[in-house]
Amino acid sequence: MSVSSGREFLSIPGPTVVPDAVLAAMQKPAVDIYAGSLVKLTDTLLADMSRMFATAGRSYIYAANGHGAWEAALTNVLSRGDKVLVLESGRFAIGWGEAARMLGCEVEVLPGDFRRAVRPEAVAARLKADKGSIKAVLVAQVDTASGVVNDIKAIAEAIRAAGHDALLMVDVVASLGCMPFEMDDWGVDVAMSGSQKGLMTPPGLGFVAANDRARAVHKKANLRTPYWDWTEREGSEHYRKYAGTAPVHLLFALRKAIDMLHAEGLENAYLRHRLLAEAVRRAVAAWSEGQVLGFNIAEANERSNTVTTVTMNGFDPAALQRYCKEKCGVVLGTGIGDLSGQAFRIAHMGHVNAPMVLGTLGVIEVGLNALNIPHGKGGTEAAIEYLGENVGA
């Protein structure tokens, strides 16, 4: 017997739930890709993506997922043999570094772990000891494997304090549109993201933003290839913006998604994510009193507002995930990387609201009870109480 009839609900950290209005925006006939409305659409989207990144620099849209955007960012500013410093705080900056290595770069990892954020002072110390060999620093603002949020502003300040001229390159796939990211004010040179998380659009679009310093370095980069190349995409012909045929219907979807964010207001979207994330954390804190469940990220102020990674001690998280999916219709994220088989993840990003979050928490609590997994009681109630106290009438 199950109670899962109806629409299955995704609580995974990407792809996230796509709003019905965004799906509906794609239900249009194909249009002329060389002139007219699509050219205007591209112009508005490029301008809006720069606003999303909070930069006066240029943005580029790719028909690609986040891994493609990783490659686009790397190939446009690096040359074969260049050294990059990867700041470890989970899985995804490491993956970006692996991409750089495969492209012919030398990669050094500044050791961290899956339980804490990057330490800016460690970044400063490493760069002070460098003799100019490190050309770029790679870091994720939010790592969806560990659930950590890194202080990008403090990392940028650490690079400047070290007197180093390495480019700061930031993965904001799991944070853009959900929490503040101030590319220019913080001193970020290159940022990249994808469509399928906070931007509430189906997978398939990647984004890169670059400031003037990065675009100057780009002129000498020898990893450039025709598809990713910024110079090629800055040509006057519209098709060059996409290195060929535009991903028309994904662009329709993105336009609607960004319009929805504008209607809500970015600051309101950030607040919504913060409130819903804290509601999740209140529930996990209550459940952790059973000594089986716990937060992966040890320090409370380093837990992200887009995904919470929950560890399980002595119990198989896959059993809980199967129960939630098969019996109740809620799909939780799996533990990945160092946490494979040891954790599950609760996503709270993008098109998400209180009933979605509270429903997910309620289903998890049902599963904990049904599977006799020891846990503190009242997790869902703690989330409800928090929202009742902090969402005004």
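The basis for the numbers below is simple: all heavy atoms, side chains too, and nothing from hydrogens, waters or symmetry mates.
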Novice: When you look at Leu167 and Val217, which way does the side-chain contact (heavy atoms from CB on, under 4.5 Å) test go after all the steps?
Specialist: CA-CA 9 Å; Leu167 295 174; Val217 171; 4.2 Å; yes
Novice: Sequence neighbours left out, what passes side chain to side chain donor-acceptor pair (under 3.5 Å) with Ser89? Give chain and number order.
Specialist: Asn150
Novice: Sub-3.5 Å donor-acceptor pair from the side chain of Ser4 to the main-chain atoms of Glu326, do we have one?
Specialist: yes
Novice: I'd like to know if the side chain of Arg345 reaches the main chain of Thr144, judged simply by a donor and an acceptor atom lying under 3.5 Å from each other, with no hydrogens or angles considered.
Specialist: yes
Novice: Using every non-hydrogen atom in the two residues, find where Thr55 and Ala209 come nearest and quote the distance to one decimal.
Specialist: CG2-CB, 4.1 Å
Novice: Show the numbers, then the answer: is there a salt bridge (Lys or Arg N to Asp or Glu O under 4.0 Å) between Arg240 and Glu232?
Specialist: CA-CA 6 Å; Arg240 293 179 68 180; Glu232 288 298 313; 3.7 Å; yes
Novice: Thinking salt bridges, do Glu108 and Lys83 make one under a 4.0 Å N-O criterion?
Specialist: yes
Novice: Under a 3.5 Å distance rule, please check whether Ser79 uses its side chain to pair with a backbone N or O of Asp82 as donor and acceptor.
Specialist: no
Novice: Heavy-atom distance under 4.5 Å between the side chains of Lys325 and Val330, does that happen here?
Specialist: no
Novice: Any luck finding a side-chain donor-acceptor pair between Glu157 and Trp186 under 3.5 Å?
Specialist: no
Novice: List the steps, then state whether side-chain contact (heavy atoms from CB on, under 4.5 Å) holds for Phe207 with Ser195.
Specialist: CA-CA 8 Å; Phe207 313 102; Ser195 58; 4.0 Å; yes
Novice: Taking Ala56's backbone N and O only, do any of them form a donor-acceptor pair with Asp184's side chain (distance below 3.5 Å, no angle check)?
Specialist: yes
Novice: Could you tell me the separation between the CZ atom of Phe181 and the CD1 atom of Ile152, rounded to the nearest 0.5 Å?
Specialist: 7.0 Å
Novice: Kindly assign one of parallel, tilted or perpendicular to the pair Trp230 and Tyr60, based on the angle between their ring planes and the thresholds 30° and 60°.
Specialist: parallel
Novice: Considering only heavy atoms from C-beta outward, does the side chain of Val248 approach that of Leu38 to under 4.5 Å?
Specialist: yes
Novice: Give, for atom CE of Met26 and atom CG of Leu250, the distance between the pair rounded to the nearest 0.5 Å.
Specialist: 5.0 Å
Novice: Atom CH2 in Trp287, atom CD1 in Ile364: separation rounded to 0.5 Å?
Specialist: 4.5 Å
Novice: Can you measure from OH (Tyr386) to CG (Leu276) and round to the nearest 0.5 angstrom?
Specialist: 9.0 Å
Novice: Holding to side chain to side chain donor-acceptor pair (under 3.5 Å), I want the full list of residues that pass it with Glu98, two or more places apart in sequence or in another chain.
Specialist: Arg91
Novice: State, with a plain yes or no, whether a side-chain heavy atom of Thr231 is found less than 4.5 Å away from one of His218.
Specialist: yes
Novice: Go through the structure and list residues passing side chain to side chain donor-acceptor pair (under 3.5 Å) with Arg213, not counting sequence neighbours.
Specialist: Asp189
Novice: Is it the case that the side chain of His375 and the backbone of Leu293 share a donor-acceptor pair, with hydrogens and angles ignored and the cut-off at 3.5 Å?
Specialist: no
Novice: Would you mind checking if Glu302 and Arg116 are paired as a salt bridge, meaning a charged N to carboxylate O distance below 4.0 Å?
Specialist: no
Novice: I'd like to check the side chain to side chain donor-acceptor pair (under 3.5 Å) partners of Arg233; sequence neighbours left out, ordered by chain and number.
Specialist: none
Novice: Apply side-chain contact (heavy atoms from CB on, under 4.5 Å) to Asp130 and list each qualifying residue two or more places apart in sequence or on a separate chain.
Specialist: Arg126, Ser133, Ile134, His164
Novice: Do the side chains of Leu223 and Leu74 get nearer than 4.5 Å, heavy atoms only?
Specialist: no
Novice: Which side-chain N or O atoms in residues 254-273 pair as donor and acceptor under 3.5 Å with protein atoms at least two apart or in another chain?
Specialist:
{"residue": "Arg255", "atom": "NE", "partner": "Asp259", "partner atom": "OD1", "Å": "3.1"}
{"residue": "Arg255", "atom": "NH1", "partner": "Thr44", "partner atom": "OG1", "Å": "3.0"}
{"residue": "Arg255", "atom": "NH1", "partner": "Asp48", "partner atom": "OD2", "Å": "3.0"}
{"residue": "Arg255", "atom": "NH2", "partner": "Asp48", "partner atom": "OD2", "Å": "2.6"}
{"residue": "Arg255", "atom": "NH2", "partner": "Asp259", "partner atom": "OD1", "Å": "3.0"}
{"residue": "Glu264", "atom": "OE1", "partner": "Arg272", "partner atom": "NH2", "Å": "2.9"}
{"residue": "Glu264", "atom": "OE2", "partner": "Arg272", "partner atom": "NE", "Å": "2.7"}
{"residue": "Asn268", "atom": "ND2", "partner": "Glu264", "partner atom": "O", "Å": "2.7"}
{"residue": "Arg272", "atom": "NH1", "partner": "Gly350", "partner atom": "O", "Å": "2.9"}
{"residue": "Arg272", "atom": "NH1", "partner": "Val352", "partner atom": "O", "Å": "2.9"}
{"residue": "His273", "atom": "ND1", "partner": "Ala269", "partner atom": "O", "Å": "2.8"}
{"residue": "His273", "atom": "NE2", "partner": "Gly350", "partner atom": "N", "Å": "2.9"}

Novice: Check Leu127 against Ala162 and note the closest heavy-atom contact, atom names and distance.
Specialist: CB-CB, 3.8 Å
Novice: Can you check whether Leu251 reaches Ile61 side chain to side chain, under 4.5 Å on heavy atoms?
Specialist: yes
Novice: Check for a donor-acceptor pair, side chain of Ser175 on one end and backbone N or O of Val142 on the other, with a separation under 3.5 Å.
Specialist: no
Novice: Main chain of Leu199, side chain of Thr201: is a donor-acceptor contact present, judged purely on distance under 3.5 Å?
Specialist: yes
Novice: So for atom CG, which belongs to Asp316, do other residues, nucleotides or ligands contribute more than 12 heavy atoms lying within a distance under 6.0 Å?
Specialist: yes
Novice: Taking all atoms of both residues into account, what is the closest heavy-atom pair of Ser288 and Gly294, and its distance?
Specialist: CB-CA, 4.2 Å
Novice: Taking atom types as modelled, is there a side-chain donor on His351 or Thr16 under 3.5 Å from an acceptor on the other?
Specialist: no
Novice: Is the NZ or CZ atom of Arg281 both under 6.0 Å from the centre of the six-membered ring of Phe295 and within 45° of that ring's axis?
Specialist: no
Novice: Under 3.5 Å, is there a donor-acceptor pair between the Glu365 and Thr380 side chains?
Specialist: yes
Novice: Looking at Arg101 and Glu106, would you say the former's side chain and the latter's main chain have a donor-acceptor pair under 3.5 Å?
Specialist: no
Novice: Considering the options Asp32, Thr42, Asp43, which one meets the side-chain hydrogen bond (donor to acceptor under 3.5 Å, both in side chains) requirement together with His238?
Specialist: Thr42
Novice: Decide, yes or no, whether a salt bridge links Arg215 with Glu234 under the criterion of side-chain N to carboxylate O below 4.0 Å.
Specialist: yes
Novice: To check you understand the geometry: which heavy-atom pair defines the closest contact between Ser59 and Ser50, and what is its length?
Specialist: OG-OG, 2.9 Å
Novice: Salt bridge check, Arg282 against Glu278: does any charged N sit closer than 4.0 Å to a carboxylate O?
Specialist: yes
Novice: State whether a side-chain donor-acceptor pair under 3.5 Å links His348 with Thr308.
Specialist: yes
Novice: Using the ring of each side chain (for Trp, its six-membered ring), is Tyr62 parallel, tilted or perpendicular to Tyr227, with breaks at 30° and 60°?
Specialist: tilted
Novice: State, with a plain yes or no, whether a side-chain heavy atom of Phe344 is found less than 4.5 Å away from one of Met312.
Specialist: yes
Novice: Roughly how far apart are Glu88 CD and Ser146 OG, rounded to 0.5 Å?
Specialist: 9.5 Å
Novice: Of the options Thr334, Asp338, Leu339, which is the one that meets Ile336 in a side chain to side chain contact (heavy atoms under 4.5 Å, CB included)?
Specialist: Thr334
Novice: Start with the C-alpha distance between Trp96 and Asp171, add both sets of side-chain angles, then the distance that settles side-chain hydrogen bond (donor to acceptor under 3.5 Å, both in side chains), and finish with yes or no.
Specialist: CA-CA 9 Å; Trp96 200 3; Asp171 176 328; over 6 Å; no
Novice: Could you check whether any side-chain N or O of Lys241 sits under 3.5 Å from a backbone N or O of Gly235, counting only pairs where one atom can act as donor and the other as acceptor?
Specialist: yes
Novice: Do Ile94 and Val86 have side chains that get closer than 4.5 Å, going by heavy atoms?
Specialist: yes
Novice: Side-chain contact test, heavy atoms from C-beta onward, threshold under 4.5 Å: evaluate it for Tyr323 versus Val366 and give yes or no.
Specialist: yes
Novice: I'd like to know if the side chain of Asn76 reaches the main chain of Trp228, judged simply by a donor and an acceptor atom lying under 3.5 Å from each other, with no hydrogens or angles considered.
Specialist: yes
